[in-house]
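Reckoned from all heavy atoms, side chains included, excluding hydrogens, waters and symmetry mates.
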Amino acid sequence: MASDQILVGVRDAPPFVETDDIRGLHGLSIDLWESIAMDLTDSGLISGYAYVECPLGEQIDRLEDGSLDIVISPLTVTSERLARFDMSHQYASSGLTVARRRTEAINYTAAAEILKSALSHNRLIAIALGFAALNLFLAAVIRHHWVNSEHAPRASGKFSAFMQYGFEAGTRTTGLRGISDKFETMGGRLIELFMIVIGTAISALLVSLITTSFVGSMGQSGDVDAQDLGAYRIGTLADSTAMRFVERQVDDTECTATQSSSEPACRTVRSWQDAMSLLADGEVDLVVGDWLQLSYLARSDLYGEVDVQSKVMMNEPYGWGLSRDRDDNIGLEIDRGIVQRLRSPEWRSFVERYLGDGSISPE
């Protein structure tokens, strides 16, 4: 026999739950829930459901007292929450991170890291070794064409003379020296032309690497570590794990809805959109929050140029909150439905439709 209509808690949390005048409530969690709800209805476990919109803190309290049956907006699975209500099988994984405004200044440390990463690439190392071997070969060729020339090095000892030939080859194949009159034979001039072509290509490659490093570092301010949070004005979601994290990390800090905008403090809001608006308006320096949701919001044009730090301070597994006041098997069936969909070949494309390409790691 079907249970009474169940109450489903939601709050505005793009891309999991959002609303507009045309589609109404929609998002990843809405689609996932409505798919599973069809199975629950077909099996006679529920007769229907109704959405109840309320903020995060109220959702948590109402799950505990039984006035909500389930919450499908993003909820991090924590031991504190498991002590108050049940959680479904994990359906997504995120982490706590930082969003901050992008600047136009060049971060020289970041530029050095980008350049170091590029230069340490295995393929580039192989090219460098090949380039060194080429210069040794060209040094021998130059010696052959200069052996009877007035431009031949006047050095004492074979090693010293060969080093001068090598220096000549190196300066030409790196573009530091152009055409000269040192080669008198046709073969020598062809070798010189070949070295100039190589030098032009190498110079262009080096300039490209350096330019890419500087351009890539523009607006990067370096990672913010948890121990540094006390130096910033922070915006975060009220009653979230991010808020609790900030309060634990920063001594004598209590996150509230009203805070000074001129000194380091922690200010809470009702949604991540509100937190990003504070960041865009310069009322906070950082938003500490969920990586998935902040990254999604940062891709829009609503909040200006925002960088979301890829380094996370704490992992955040997502599940749905389930009230313990129910005496049926809905929780078990919901877990079964989530697992079935996680194992579906369509799951990847379903998630990436909302979160973007690459949001799921390769299996």
Side-chain angles (χ1 to χ4, degrees), residues 11-20 27-28 55-57 73-76 94-107 109-110 216-250 252-316 318 354-356 359:
R11 71 178 189 280
D12 199 22
F16 296 90
V17 178
E18 49 189 321
T19 185
D20 59 42
L28 188 153
L56 176 58
S73 300
L75 278 180
T76 303
S94 186
L96 289 184
T97 191
V98 163
R100 64 197 312 186
R101 292 185 302 276
R102 185 177 302 166
T103 67
E104 295 302 320
I106 295 175
N107 184 326
T109 301
S217 70
M218 290 181 65
Q220 294 192 22
S221 303
D223 288 342
V224 176
D225 294 322
Q227 62 266 25
D228 301 327
L229 293 177
Y232 298 95
R233 298 172 301 158
I234 296 170
T236 193
L237 181 66
D239 300 304
S240 65
T241 52
M243 186 192 84
R244 305 298 180 204
F245 179 79
V246 172
E247 291 180 333
R248 288 196 305 268
Q249 290 294 322
V250 183
D252 302 322
T253 293
E254 182 180 358
C255 298
T256 64
T258 55
Q259 288 284 3
S260 168
S261 61
S262 61
E263 297 179 358
C266 179
R267 183 173 174 182
T268 59
V269 290
R270 289 171 59 94
S271 71
W272 291 123
Q273 300 97 299
D274 291 342
M276 293 288 274
S277 293
L278 291 178
L279 183 66
D281 294 340
E283 295 186 43
V284 297
D285 303 315
L286 307 174
V287 172
V288 177
D290 173 72
W291 180 84
L292 279 175
Q293 294 178 78
L294 295 182
S295 297
Y296 176 83
L297 294 172
R299 290 197 293 269
S300 75
D301 297 326
L302 298 175
Y303 309 104
E305 296 291 324
V306 175
D307 286 320
V308 178
Q309 185 170 293
S310 58
K311 175 184 176 182
V312 299
M313 302 175 183
M314 185 171 66
N315 291 325
E316 295 266 273
Y318 281 170
Y354 290 102
L355 303 183
S359 52

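- Rounded to the nearest 0.5 angstrom, Arg100 CZ and Glu305 CD are separated by 15.0 Å.
- Side-chain contact of Ser271 with Asp12: a donor-acceptor pair under 3.5 Å is absent, judged by distance alone.
- Taking 4.5 Å as the limit, every side-chain heavy atom of Val98 sits out of range of all side-chain heavy atoms of Lys311.
- Residues Val287 and Leu278 have side chains not in contact (no heavy-atom distance under 4.5 Å, counting atoms from C-beta outward).
- In terms of heavy atoms, Ala226 sits closest to Phe245 at CB-CZ, 3.8 Å.
- In this structure the side chain of Val312 never reaches within 4.5 angstrom of the side chain of Leu96, judged on heavy atoms.
- With Arg11 contributing its side chain and Pro74 its backbone, the two residues share a donor-acceptor pair below 3.5 Å.
- Nearest heavy atom pair, residue Val246 against residue Cys266, reads CG1-SG, 3.9 Å.
- Nearest approach of Ala99 to Val306, heavy atoms of both residues: CB-CG1, 4.0 Å.
- A distance of 13.5 Å separates OH in Tyr296 from CG in Asp290, rounded to the nearest 0.5 Å.
- Here Tyr354 pairs with Phe350 under the ring-ring contact (aromatic ring centres under 6.0 Å, His included) rule; sequence neighbours left out.
- The closest side-chain heavy-atom distance from Arg244 to Glu247 is below 4.5 Å.
- Within the 4.5 Å cutoff, the side chain of Met313 has heavy atoms near those of the Leu229 side chain.
- Between the side chain of Thr76 and the backbone N or O of Glu316 there is no donor-acceptor pair closer than 3.5 Å.
- Nearest heavy atoms, Gly356 versus Arg299: N-NH2, 4.3 Å.
- The closest side-chain heavy-atom distance from Leu75 to Leu56 is below 4.5 Å.
- A donor-acceptor distance shorter than 3.5 angstrom exists from the side chain of Arg233 to the backbone of Gly282, with no hydrogens or angles considered.
- Proximity of Val288 to Tyr232: side-chain heavy atoms (C-beta onward) are nowhere separated by under 4.5 Å.
- Taking both residues in full, the closest heavy atoms of Trp291 and Ser310 are given as NE1-CA, 4.1 Å, listed atom of the first, atom of the second, then distance.
- Between the CG atom in Leu279 and the CD1 atom in Ile234 there is a gap of 12.0 Å [rounded to 0.5 Å].
- At least one side-chain heavy atom of Tyr318 sits less than 4.5 Å from a side-chain heavy atom of Leu292.
- Between the side chain of Thr268 and the backbone N or O of Ala257 there is at least one donor-acceptor pair closer than 3.5 Å.
- Residue Arg270 holds its CZ atom at 10.5 Å from CG of Asp239, rounded to the nearest 0.5 Å.
- Gln273 CD to Leu237 CG: the interatomic distance, rounded to the nearest 0.5 Å, is 9.5 Å.
- In terms of heavy-atom proximity, Gly289 sits nearest to Trp272 at CA-CH2, 3.2 Å.
- Rounded to the nearest 0.5 angstrom, Phe16 CZ and Leu355 CG are separated by 5.0 Å.
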